[in-house]
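Just so it is clear: chains get the letters A, B, ... in the order the sequence lines come, proteins before strands, and each one is counted from 1.
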4 protein chains.
Amino acid sequence: MTELPAQMISTSKAAARIRAAAIDAFSVGGYGGTTTRDIAARLDMSPAAMYPHYRSKEDLLFAISFEGHLVAHETVAAADRADASPVDRLRSVISTFASWQATHHAQARVIQYELTALTRDHYRTVVALRRETTAIVRSVVNAGVDTGDFIVPDAEGVTLALTSLCVDVCRWFPTGDYTDPQVVGDLYADLAARVVGAR
Amino acid sequence: MTELPAQMISTSKAAARIRAAAIDAFSVGGYGGTTTRDIAARLDMSPAAMYPHYRSKEDLLFAISFEGHLVAHETVAAADRADASPVDRLRSVISTFASWQATHHAQARVIQYELTALTRDHYRTVVALRRETTAIVRSVVNAGVDTGDFIVPDAEGVTLALTSLCVDVCRWFPTGDYTDPQVVGDLYADLAARVVGAR
Amino acid sequence: MTELPAQMISTSKAAARIRAAAIDAFSVGGYGGTTTRDIAARLDMSPAAMYPHYRSKEDLLFAISFEGHLVAHETVAAADRADASPVDRLRSVISTFASWQATHHAQARVIQYELTALTRDHYRTVVALRRETTAIVRSVVNAGVDTGDFIVPDAEGVTLALTSLCVDVCRWFPTGDYTDPQVVGDLYADLAARVVGAR
Amino acid sequence: MTELPAQMISTSKAAARIRAAAIDAFSVGGYGGTTTRDIAARLDMSPAAMYPHYRSKEDLLFAISFEGHLVAHETVAAADRADASPVDRLRSVISTFASWQATHHAQARVIQYELTALTRDHYRTVVALRRETTAIVRSVVNAGVDTGDFIVPDAEGVTLALTSLCVDVCRWFPTGDYTDPQVVGDLYADLAARVVGAR
DNA sequence: AATGAATGAGGCTTCATTCAT
DNA sequence: CATGAATGAAGCCTCATTCAT
C-alpha cells in the first residue's frame, strides 16, 4: 500500500471545525454551489478566518477528501480480519463499509461526488487512496474464489458492484425506514453473501 | 402511475441542443460549478441565447431532470413485461435500468446528483417521478416474493439495494474493462437474480 | 418665434399608441428605468415592433418630448389674448398652463424630467421649444409692469417663479383634494395675481 | 412629529463618500440611468466596493433619500421660530426652504424625483418624512390665517403652492442670473408674503 | 488568529437592438 | 409590419481572495 502523508491534515481544533462546517455545506450545495461565506456563516466567523488554516477553498476540499478517504480506508481495512473465513471476512468488510457510508453520509457525499473540483494533483492523490478501499473488497472476493467458498461469474464485476453498492449508500441514506447504519450494514452483508454465492 | 406533463419539455431543436450541452457541462462540473458561459461556449453561442428557451439556469436543470427521469422511467417500464416469469421480469428490468444508466451516464449523473439545486416545487415534481422507477423494481421484487420464486430477507431492503446498484452505475461507468452498457446490464441481471435467491 | 418642424412627429396611429404607452411607462419608472419590453407589454406587442416606428428608445423619448413641449406651448400661447388687460392675460395664461400640467401630468413629467436622457442635439431642440413657453409668461409679466398694473420687485424672478409653480404641478398632481385641473388652474391664477401685486 | 431613526444612515466616512458620489450621479442621469460603475468611477473604486456599505443600489438610494429629507426637514424646522410674527415665520421658513433646495440642488433632485425607485417600505418611510416638511409650511400658513395676518382664499392650496414653489427650485437652479441661494431665498420669501396677502 | 473593507474576475440575467422569417 | 431568436454590451451583484489593522 502506498504510504500517504497523514500529517497533511491539520490537527488544529479550529481547522477541524472548519472542515466539519465545510462538509455540511458541500454535502448540501455541492462544492461549486457553496461559498466561503456559507461555510463561515455556520461557524459565526468571517470568510477570511478560513485562510490562516487553508490556503484556498480547494485546499479545504482536498483536506476533507483526503482525510475522509483515509479514514474510510482505515475503517474498512480494520474490519478485514485476515484469519477469518472468506464469508466472514466479506460480511465484516461490507457491513463496515456500508455502515460507515451511512453514518458519515454527508462526509461521504463530499468525498465521493466532489472529486472533479480538485486540482489534478490533488485528484490523483485522493483517487489513489480511494482505490485502496476497492482493493480490500477485491482481495476478499478473490480469496473466497480461490478457496472455492465463493462462486462468481466475474470476480472483478462483483468487486465493482459490491463497492458501488456500499458507496451509493451515502446518496440515499437515510430513506424511509432505513435510518440505522447498523441495519443497513447487516442487510448489505447478507446481500453480499448472496451475490458471491457463499454456501 | 402519476400523469406528468411531458410537454413541459420544449420540443424546439435549439432547446434540445441547449439541454444536451448543459448535460455535458453539468455532468463534469456540477450545476454549481458550471456557468452559463460554459454551456454557451459548447454551442458557439452567446450566454444570452439560452434565455429565449429557458427562463433561468435552474429552469434548464429542471427541464433536463424532468425529461431524464421521465425517459428513464419509460424505458424501465417498457422492460417490465408483466406476462413473464418473476426472474425474467427482474432480469429484464435490472438489465435495462443498469444499461440505461451506463449509456446515458452523463445525463444520469445530472438527474441523480443535482436535484438539490432545484427549487422546492421543481424538486418535488422530479422526485415524484423518480419514485415511479423505484416502484417498478419494488413491484417486480414483490411479485417474485408472492409467487415464491424469490426468497429475500427484506423485500424493501432488496428493492432499495437493487435500485441503488443501478443508479450508481452512472457514477463509475465507464471503468476499466467495463465500457459496454450491455455487459453491465447482463452482469447486473445476474447479480440481481442471486440477490433475490431466484432458483 | 423659432420655426419648428411639427412634421417630426409621426402621424401614424401605431406610432401614437407607442408614444402613449411610453409616456405611461416613462412617467412611472423614468427613462432609464423603463425597458422597451415595459413599453411593448402595455401594447401586447413585441419590443421589436417599436423599431419600424422609432429608430431607438431615445428617438421615442425625443418624439414625446418634442410633441409635448410643442403642444404645451401652443396651448399656453392660445390662452394669451393680446387684447385683454394684463391681469386677465396673466390669469388666462397661468390658469391654462397649470391646468395643462395637471391634465397631462404623466406626459408633463416625462417632458420635464427626462430631458437629460436626450442626445445633445435633441436636448437643444427641445429646450429651445421649452423656452418659448417661459417667454410667454415673461411677456405677460413685463406687459403688466410696463402698464403699471403689476408691481413686482424683480420681473425676471417673478417670471421664473410663476413658470416654476406651473411646471411643478405635474410632480404632485393629483394630491389630496386637488384632483381637478380646473380647480388648480383657478387657484394658481389667483396666486399669480397676488404675486404680481395686481390691483 | 414622528420619531425617525437617524442612525439608519451609516456614519462611516466611506459610506458618506459613496452617498455623495451617488447623489452626483443620480442627479444627472436619474436612478435608473445610473450604474454602479458610474458611482464607483467617481470614487476611483471598484463597483463592488459599495457593497460592504450598502446592500444594494436601492439601499443606497434609500439612505440618500432618508438622510436628505431628514436634514431638509430639520433645516426648515429650525427656521420656524414659533415666537415670531406669522409674516416673519413665513419669510424665514420659505427663505430657508428655497435656499436649501438651491444650495443642495443635486441632493434635492435625487430625493424629490427618484422616490418611485424605492421599495414600497422605503417609499413609505421617506414619504412620511417628507410630509413633515410640508406640515411646517401648513402650520405657518394656518397660524397667519388664524391671527388674521394672512388672508388667503384657500389655506391648503396656498400650502401646496408654496411648498411646490420651494421644491421646484432644485429643478432649475442655477439658471441665468439666479445663482445665489440667498437671492432665491429672499425673492421667494417676498413672493410668499404676497401670496398670503400679508399686510 | 480574526476581521472589515476592498478588489478583479466573473456570476446570472437583462438590455436595446438586429435580422431572418 | 410584426415576431422570436439571437447577440454584444452591460446591469447588478457575489465570488474567492488579499491586506491593513
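The side-chain heavy atoms of Lys57(C) and Phe26(C), taken from C-beta on, include a pair separated by under 4.5 Å. Residues Ile39(A) and Leu60(A) meet the side-chain proximity criterion, which asks for heavy atoms closer than 4.5 Å.
Distance OH/Tyr113(B) to CD/Gln112(A): 9.0 Å, rounded to 0.5 Å. A distance of 5.0 Å separates CZ of Arg124(A) from CZ of Arg120(A), quoted to the nearest 0.5 Å.
Residues Thr34(C) and Ala49(A) each lie close to DNA chain E; by heavy-atom proximity, the contact nearer the 5' end of the strand is made by Ala49(A). Taking the nucleotide of DNA chain E with the nearest heavy atom to each of Lys57(C) and Asp44(A), the more 5' of the two is matched to Asp44(A). Map Glu58(D) and Arg37(B) each onto its nearest nucleotide of DNA chain F; the residue landing nearer the 5' end is Arg37(B). A residue-by-residue look at Met50(D) and Met50(C) shows that Met50(C) has its nearest nucleotide of DNA chain F further toward the 5' end.
With a 3.5 Å ceiling on both atom-pair distances, the Watson-Crick or G-U wobble partner of dA20(F) is dT3(E).
Side-chain atoms of Ser56(A) lie closest to dT17(F) of the nucleotides dT17(E), dT14(F), dT17(F). When distances are taken from the side chain of Met45(B) to each of dA16(F), dT7(F), dT3(F), the shortest belongs to dT7(F). Proximity note for Ala48(A) (side chain, C-beta onward) versus dA16(E), dT3(F), dT18(F): the nearest is dT18(F). Checked against dA6(F), dA2(E), dA16(E), the side chain of Pro52(B) finds its nearest nucleotide in dA6(F). For Pro47(D), taking side-chain heavy atoms from C-beta onward, the closest of the listed nucleotides dC19(E), dT14(F), dC13(F) is dC13(F).
For dG8(E), the OP1/OP2 oxygens have no side-chain nitrogen or oxygen of Ser46(D) closer than 4.0 Å.
Distance His53(D) NE2 to dT14(F) C1': 16 Å, rounded to the nearest Å. We find that CG of Asp38(C) is positioned 15 Å from C1' of dG11(F), with the value rounded to whole Å. Straight-line distance from the OH atom of Tyr31(B) to the C1' atom of dC12(E): 9 Å, rounded to whole Å. Distance Asp59(C) CG to dA16(E) C1': 13 Å, rounded to the nearest Å. Distance Tyr51(C) OH to dT17(E) C1': 5 Å, rounded to the nearest Å. Nucleotide dC12(E) holds its P atom 11 Å from the CG atom of Leu60(B), rounded to whole Å. Put simply, CD1 on Ile18(C) is 14 Å from C1' on dT3(F), counting in whole angstrom units. Between Ile39(C) atom CD1 and dT17(E) atom C1' the separation is 13 Å, expressed in whole Å.
A pairwise comparison of heavy atoms in Ala25(A) and Thr34(A) identifies O-OG1, 3.2 Å as the closest pair.
Contact annotation for Thr36(A): base contact, defined as any heavy-atom pair under 4.0 Å involving a base atom.
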